[in-house]
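The block underneath contains the structure these notes are about, expressed in C-alpha cells.
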2 protein chains.
Amino acid sequence: MIRNKTVIRTLLFIRPMESMKKITPTAAELEILNILWNEEPLTVKDIHVLISKSKDVGYTTTLKTMQKMTEKGLLQRERNGKSHLYFSTRAKEETRGRLLDRLVDSAFGGSASSLVMQLLGNKKTSKDELDEIKQIIEQMKND
Amino acid sequence: MIRNKTVIRTLLFIRPMESMKKITPTAAELEILNILWNEEPLTVKDIHVLISKSKDVGYTTTLKTMQKMTEKGLLQRERNGKSHLYFSTRAKEETRGRLLDRLVDSAFGGSASSLVMQLLGNKKTSKDELDEIKQIIEQMKND
DNA sequence: TTTAAACTACGATACTTGTCGTACAAAGAT
DNA sequence: ATCTTTGTACGACAAGTATCGTAGTTTAAA
C-alpha cells in the first residue's frame with residue numbers, strides 16, 4: 001500500500017488544495033497571529049519589533065515565518081510602498097476553536113467537560129480566572 | 001499490595017533525573033498515552049491492535065514511537081517473557097494540565113476564561129457536554 | 001534440531017519547524 | 001550618480017516527528 005502523500009499526489013497529478021486544508025498554526029505562527037488579532041494590518045517590521053520585546057530572534061526569521069503563513073493561507077498581504085501590510089485571513093475564534101477541538105480530541109478523549117474540569121482543578125488557574133469562568137457559566141445558564 | 005508501579009519506581013529511584021524533564025507529548029504519542037491511561041500495562045502489540053482500528057499504520061511505527069517515548073521518559077517498560085510491558089510514567093492529569101497550560105498561553109493570551117468562553121460558544125461542543133460543564137461549575141460553586 | 005513465528009533494534013527517509021545568512025531591489029540621502 | 005538604508009526573496013541547516021524496511025534474536029513448534 002502506498003502511504004507517501006507526495007507520491008500519491010504525483011501519481012494522481014493533483015496539487016494540494018490549500019483552500020480545503022484546515023491549517024492549525026504552530027507556536028511561532030500563533031505568536032504572530034496573536035499580535036495581528038489585536039491590531040491589523042501590520043508590517044513585518046511592526047510585528048518583529050513587538051516579538052523582539054520578549055524573544056531574541058532575527059528579523060528574517062519573522063519575515064520568513066510570515067511568508068510561509070501567507071503561502072499556507074493563514075495571512076494575506078498587500079503592497080504598501082516598499083513593504084507589505086499583513087493581515088490574518090481567519091477569525092480568531094475560528095482558529096482558537098480548531099485548536100481547542102484538536103486538544104479535546106487528542107488529549108481529553110473528546111470530552112470538553114473533562115477539559116473544563118482539568119482547568120478548574122488546575123492550580124495554575126488563578127482564583128480571579130476561576131471566578132470569571134463561573135460568572136460566564138452563570139450568564140450562559142440564562143439562555 | 002501496592003499496585004501503582006509508577007509510585008514504586010519513583011520511590012525506588014529507578015529512573016534518574018530524566019523524569020524531571022517537562023515533556024509534552026506529540027499527537028502520535030498522545031494516542032498511545034490515551035490507551036495506556038485507560039489500561040496499563042500493555043505490550044506494543046496490544047497498543048498497535050487498538051490503534052490499527054482507527055488508523056492504518058505499521059507495527060514498527062508503533063514500536064518505534066513507544067521506544068522513543070521510553071527514551072524521553074514518557075513511558076517505562078519491563079520485560080515480560082519475549083516482549084515488554086509498557087506503562088506511563090506521568091499521571092494523566094499532569095500531562096493534560098501541561099498541554100492545557102500551553103494552549104492557554106499560546107492561543108488564548110493566557111486567559112483560561114477566554115478558553116472556556118470559546119468552548120461554550122463552540123458549535124461542535126454538544127448540548128450534553130454543555131450541560132455537563134454547567135453542572136460541574138454549579139457544583140464547584142458550592143465550595 | 002531445525003524452522004517458523006513473534007519481537008526488538010536500528011537505520012533511513014520524507015516532512016515540518018524554527019532559524020539565519022546572503023543576495024538582491026528599491027528608495028532616499030549626500 | 002553613487003552610497004546607505006530598508007525591505008524582500010530564497011537557500012540552507014539543525015532538530016524533531018512520523019513512518020517503514022530490514023536484520024537479528026528469542027521462543028515455541030514440528
Side-chain angles (χ1 to χ4, degrees), chain A residues 1-11 15-16 18 21-35 41-49 51-52 54-86 99 102 106-107, chain B residues 21-35 41-49 51-52 54-86 99 102 106-107:
Chain A
M1 177 184 213
I2 302 175
R3 291 205 178 86
N4 187 306
K5 285 169 190 159
T6 304
V7 170
I8 293 174
R9 281 205 294 267
T10 303
L11 291 175
R15 287 190 186 173
E18 254 69 62
K21 261 193 174 179
K22 294 189 176 179
I23 293 183
T24 52
T26 65
E29 289 171 347
L30 269 174
E31 227 173 319
I32 289 166
L33 285 176
N34 275 313
I35 292 171
L42 293 176
T43 64
V44 174
K45 183 176 181 182
D46 293 334
I47 296 202
H48 185 245
V49 166
I51 287 184
S52 294
S54 59
K55 197 183 170 191
D56 183 26
V57 72
Y59 176 85
T60 54
T61 300
T62 304
L63 170 67
K64 181 77 165 188
T65 302
M66 293 178 70
Q67 287 173 339
K68 286 255 193 79
M69 289 172 78
T70 305
E71 268 178 39
K72 288 190 197 175
L74 288 174
L75 300 182
Q76 279 190 340
R77 68 184 196 178
E78 59 187 28
R79 262 234 119 74
N80 179 31
K82 181 157 57 162
S83 69
H84 293 104
L85 283 173
Y86 286 80
L99 287 165
R102 191 173 62 173
S106 69
Chain B
K21 271 193 179 171
K22 294 187 176 179
I23 291 181
T24 51
T26 65
E29 290 171 346
L30 270 174
E31 226 173 318
I32 289 166
L33 285 177
N34 275 314
I35 292 171
L42 293 175
T43 63
V44 174
K45 183 177 182 182
D46 292 334
I47 296 202
H48 185 246
V49 166
I51 287 184
S52 295
S54 59
K55 195 184 171 190
D56 182 29
V57 72
Y59 176 84
T60 54
T61 300
T62 304
L63 170 66
K64 182 78 165 186
T65 302
M66 292 178 69
Q67 285 174 342
K68 285 258 192 78
M69 290 172 76
T70 304
E71 267 178 39
K72 287 190 197 175
L74 288 174
L75 300 182
Q76 280 190 357
R77 70 185 195 178
E78 58 187 28
R79 263 233 118 74
N80 180 31
K82 179 158 54 166
S83 68
H84 292 104
L85 282 173
Y86 286 80
L99 288 164
R102 193 174 59 174
S106 69

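Throughout, protein chains are lettered first and strands after them, A, B, ... in sequence-line order, and every chain is numbered starting at 1. Note that these values count all heavy atoms, side chains included, but never hydrogens, waters or copies made by symmetry.
At C/dC10, none of the side-chain N or O atoms of B/Gln67 fall inside 4.0 Å of OP1 or OP2 (strictly under the cut-off). Residue B/Lys68 places none of its side-chain N or O atoms closer than 4.0 Å to OP1 or OP2 of C/dC10. Checking the phosphate oxygens (OP1, OP2) of C/dA6, no side-chain nitrogen or oxygen of B/Tyr59 falls inside 4.0 Å. A sub-4.0 Å separation between OP1 or OP2 of D/dG7 and a side-chain N or O of A/His84 is absent. Residue B/Lys45 places no side-chain N or O under 4.0 Å from the OP1 or OP2 atom of C/dA6. Phosphate proximity of C/dA9 to B/Arg77: present, with a side-chain N or O under 4.0 Å from OP1 or OP2.
For A/Lys82 against D/dT6, a side-chain-to-base donor-acceptor contact under 3.5 Å is present. Judged by distance alone, with hydrogens and angles left aside, A/Lys64 brings a side-chain donor or acceptor within reach of the base of D/dG11, the pair sitting under 3.5 Å.
Two residues are said to be in side-chain contact when any heavy atoms from C-beta on lie closer than 4.5 Å; A/Met66 and A/Arg77 fail this criterion. At a threshold of 4.5 Å between non-hydrogen side-chain atoms, the residues B/Thr43 and B/Leu85 count as touching. Looking at heavy atoms from C-beta onward, B/Glu29 lies in side-chain contact with B/Lys72 at the 4.5 angstrom threshold.
Contacts of B/Ser83 with the nucleic acid, taken as non-hydrogen atoms under 4.0 Å apart, involve only primed sugar atoms and P, OP1 or OP2. When heavy atoms are screened at a 4.0 angstrom cut-off, A/Thr61 is found touching base atoms of the nucleic acid. Looking at heavy-atom distances under 4.0 Å, A/Thr26 makes contact with sugar-phosphate atoms alone, never a base.
Across the protein-nucleic acid pair, A/Leu75 atom CG and D/dT8 atom C1' stand 16 Å apart, rounded to whole Å. Rounded to a whole Å, the CE atom of B/Met66 is 15 Å from the C1' atom of D/dA18. If you take CG of A/Asp46 and P of D/dT8, they are 11 Å apart, rounded to a whole angstrom. Atom P of nucleotide C/dT16 and atom CE of A/Met69 are separated by 16 Å, given to the nearest angstrom. Atom CZ in B/Arg79 sits about 17 Å away from atom P in C/dA6, given to the nearest Å. Atom CG of A/Leu30 and atom C1' of C/dG18 are 14 Å apart (whole Å). In this entry the distance linking CG of A/Leu85 with P of D/dG7 reads 12 Å, nearest Å. In this structure, B/Glu78 atom CD and C/dC7 atom P are separated by 17 Å, rounded to whole Å.
Annotation for B/Ala107 and A/Leu30: closest pair CB-CD1, 3.9 Å, computed over non-hydrogen atoms.
Not a single donor-acceptor pair under 3.5 Å links the side chain of B/His48 to the backbone N or O of B/Thr61.
The side chain of A/Ala27 sits closest to C/dG18 out of C/dT8, C/dG18, C/dT19. Listed nucleotides D/dG7, C/dT17, C/dT22 differ in distance to A/Thr60; the shortest reach to its side chain belongs to C/dT22.
The closest side-chain donor-acceptor pair between A/Ser83 and A/Asn80, if any, does not fall under 3.5 angstrom.
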